[in-house]
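Data first, discussion second: the structure below is written as structure tokens.
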Protein chains: 4
Amino acid sequence: MVKKPAPDASRRSERSRRAIYAAALALVVEVGYPKTTVEAIAARAGVGKQTIYRWWPAKADVLLEAFLDLAEQAARELGQEPYAIPDTGDLAADLRAVLRATVDELLDPRFEAPSRALAAEGVVNEQLGREFVAKLLEPQLQLYVDRLRSAQDAGHVRADVDPRIALELFVSPLAQRWLQHTGPISHAYTDTLVDYALNGLAPR
Amino acid sequence: MVKKPAPDASRRSERSRRAIYAAALALVVEVGYPKTTVEAIAARAGVGKQTIYRWWPAKADVLLEAFLDLAEQAARELGQEPYAIPDTGDLAADLRAVLRATVDELLDPRFEAPSRALAAEGVVNEQLGREFVAKLLEPQLQLYVDRLRSAQDAGHVRADVDPRIALELFVSPLAQRWLQHTGPISHAYTDTLVDYALNGLAPR
Amino acid sequence: MVKKPAPDASRRSERSRRAIYAAALALVVEVGYPKTTVEAIAARAGVGKQTIYRWWPAKADVLLEAFLDLAEQAARELGQEPYAIPDTGDLAADLRAVLRATVDELLDPRFEAPSRALAAEGVVNEQLGREFVAKLLEPQLQLYVDRLRSAQDAGHVRADVDPRIALELFVSPLAQRWLQHTGPISHAYTDTLVDYALNGLAPR
Amino acid sequence: MVKKPAPDASRRSERSRRAIYAAALALVVEVGYPKTTVEAIAARAGVGKQTIYRWWPAKADVLLEAFLDLAEQAARELGQEPYAIPDTGDLAADLRAVLRATVDELLDPRFEAPSRALAAEGVVNEQLGREFVAKLLEPQLQLYVDRLRSAQDAGHVRADVDPRIALELFVSPLAQRWLQHTGPISHAYTDTLVDYALNGLAPR
DNA sequence: AATTAACCGAGACGGTACGTCCGGTCTTTAG
DNA sequence: CTAAAGACCGGACGTACCGTCTCGGTTAATT
């Protein structure tokens, strides 16, 4: 086993890192993931190829980091308290609101191409998939867990329900429609999901 | 736009076609989808590259056809009346049974690699994705639609529920866990899904 | 040891071969040997890089073949009986004539760049050097051997002289001046060489 | 034209300079000239790359200096009065002696790799070639000029002979055989050269 | 003794070319 | 005419070095 002598991260060029993120995201949007080449990212970023290979093992990892950065940045721009589902006491309304926001994001072309690309790569490349889930998806799902627990405390959801599974009744159908084109996604659709699923969770 | 003068399908070599299916599936299992090259498929199948390009536009289409063939063959082997969900009158039991069977199939390594590969390609390649869904996924989902409608007729499911959406409460969570590695899949898990979701669909 | 499965020479593209020769020679003349890259040769010849690597192991070998081809072609153009030193009976005159012709060739820019490049590579790359000598240099030196032997038969050169060594008295000084820039080369210079050296070979 | 502000030679690290010479020579011997990289020289010498680029414009110049240093050092070790051909009154014997010594040096592996490398580079890189000739070759050739003039004074060589050309009858054949592998070199060979050539220069 | 200026080892950087691999096309030979 | 074989053009891959640059850290010479 030959290990590279890990480069000195403290001397890393911030400028290059940002340029690479931007180039990678732009190219994925413009020409799609498979036609996005490391060479093109380097050229567009005005960077040597080695600078990419020095810091990332593969194209997918570049894109993952770039996307995480984008998501973080977007979150920072958007809201002060970005990491929570509203808790107005009305669980159905809160879920409808957050799912509608998710629909909007999934339809935003700025996000669609790169996140679709990452999801695809994650399906086939398990290591990347797990990182994608751990860093991006799971934290968001955790918000649902929190909100559902709060609803359980308020007696709006059966106490024996596992929130980590319950949330999938809302989230997974949307995810599948989006990922696999198994159907259109819209506010009406997510509203319906909330309607159907919440009944199953409510106390008898 | 230059169209190729479609080759004469009647003179196509059945032997080559089967060899190509076998080689494609074997390679996807052995080295994964991205490292499965048309060249390797041709070599392994003992076939000229042109024979592949003559009949399929791209690697993904070869694999799709190969997989459809595999699925059909497997169904035929299994024998029974393949295209239906049992209808014992007990909707919950029937759904649990069919979902458990799905779990088993998803965990079968013979199917896992190629179907994962196709799903991934379908995420990013919309045209292929739609074909994958239309030819493989949707027919199976339709079985759920049928079974749910039957349950509606028997009064076990609210009449105003759209079965095409309702089925996603059972199917999509499983699909997402499998596709995105967001959690383990098991019989217990799908049983729980049926439990949670069915409550929401039952008449009050 | 992994051997490539030798490509089928009978299917080789003559067109590509000639284009590669032309491109290689042109580039060596234009930008010099070290800046002549395989990539540039391929681009200029309108050829894939692999087509070069398929048939030649290295840049130097391409150039060697290209130059041999050029030399052969030039020889064919020039004379009907190209492979002989004139034998008028006057050894000194004959040697002067052939050396003057050599000087002219060495000063011809069409030949200078590539042959200098090959000579240089041959100095450092023994395998190539030997091939260069065997295919190009030695055949020419052999002509001197023949002419000197004829002179020995005529009694104009000492019988105990080894022609293969004797020829170096005329040829090597010129070669060294040209190769190593140790002095200017001209007709007067080679005439002087013939004058000095021939005395040493003449019978007492 | 932008000129670098010439570095302060008085503060130059002697230690680095010697380490670079040693590393350069060692690498040329071990892996050959073309595979000797500036990076490897720096690494082997335990020196930053910039330290090399600060003091030398190119790899070839490093090697030239290193070799000049080696030659000087070797000469100093040998002791005697290095810069002269013996003058015993017997020109033939003196030339045989010095050429035999040259043969020995050319066959010494310590010298062969670097001097061959320099000669090769000099063939193709005129600027370096001229420096190589001026600093190393020409001084040695001048010794022959001196010895031949002395022989002319003694009446052993025709007065109208140009010694600068005459010396090439002895030296160039040896040089060509060595440089271009056109034949083996040995004491017997150089003795023969002296025999053939000297006759041509002797007064009638 | 403190300051300053340069060299120094180290190595990241933007680049270029390497030699390999494969996509998709075209050509040849056999059946 | 199909099919196998495989050469072809094109172009991305990941690697190796190029020559430049920036970063602390010595080390001398100047204050």
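Convention: sequence-line order gives letters A, B, ...; per-chain numbering from 1.
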All heavy atoms of A:Phe67 vs all of A:Pro114, minimum pair found to be CD1-CB, 3.8 Å
Residues D:Ala117 and D:Leu63: closest non-hydrogen pair is CB-CD2, 4.0 Å
- With a non-hydrogen cut-off below 4.0 angstrom, is B:Lys59 in contact with a base, only sugar-phosphate, or nothing? nothing
### Task
Describe the nucleic acid contact of D:Trp55 in one word from base, sugar-phosphate, nothing, applying a heavy-atom distance below 4.0 Å.
sugar-phosphate
Any idea which of [options] is nearest the [X] side chain?
X	options	value
D:Glu39	E:dG24, E:dC7, F:dC17	F:dC17
D:Val38	F:dG14, F:dG19, F:dA3	F:dG19
C:Tyr53	E:dG9, E:dT20, F:dT20	E:dT20
C:Gln50	E:dC8, F:dA3, F:dG10	F:dG10
D:Thr37	F:dC9, E:dC22, F:dC17	F:dC17
A:Arg11	E:dG11, E:dT25, F:dA12	E:dG11

Legend entry - Cationic N near anionic O, under 4.0 Å, A:Arg44 to A:Glu30: yes
Ignoring backbone atoms, test whether [X] places a side-chain nitrogen or oxygen under 4.0 Å from the OP1 or OP2 oxygen of [N].
X	N	answer
C:Thr51	F:dC9	yes
A:Ser16	E:dA12	no
D:Arg12	E:dC7	no

Rounded to whole Å, how long is the line connecting atom [atom1] of [X] with atom [atom2] of [N]?
X	N	atom1	atom2	value
A:Ile52	E:dG15	CD1	C1'	13 Å
B:Ile41	E:dC22	CD1	C1'	12 Å
D:Ile20	E:dC8	CD1	C1'	11 Å
A:Asp8	E:dC13	CG	C1'	13 Å
B:Lys35	E:dT20	NZ	P	18 Å
B:Arg54	F:dT2	CZ	P	7 Å
A:Arg44	E:dG15	CZ	P	16 Å

Taking B:Lys35 for the side chain and B:Leu27 for the main chain, is one N or O donor matched with an acceptor at less than 3.5 Å?
no
Review point. Does the A:Lys135 side chain pair with the main chain of A:Leu68, one donor and one acceptor, at a distance under 3.5 Å?
Key: no
Comparing A:Pro57 with B:Gly48, nearest DNA chain F nucleotide closer to 5' gives the residue B:Gly48
| message | With a sphere of 6.0 Å drawn around CZ of B:Arg12, does it hold more than 12 non-hydrogen atoms of other residues, nucleotides or ligands? | response | yes
Side-chain donor/acceptor of A:Lys49 to base of F:dG14, under 3.5 Å
yes
Comparing B:Thr36 with A:Ala42, nearest DNA chain E nucleotide closer to 5' gives the residue A:Ala42
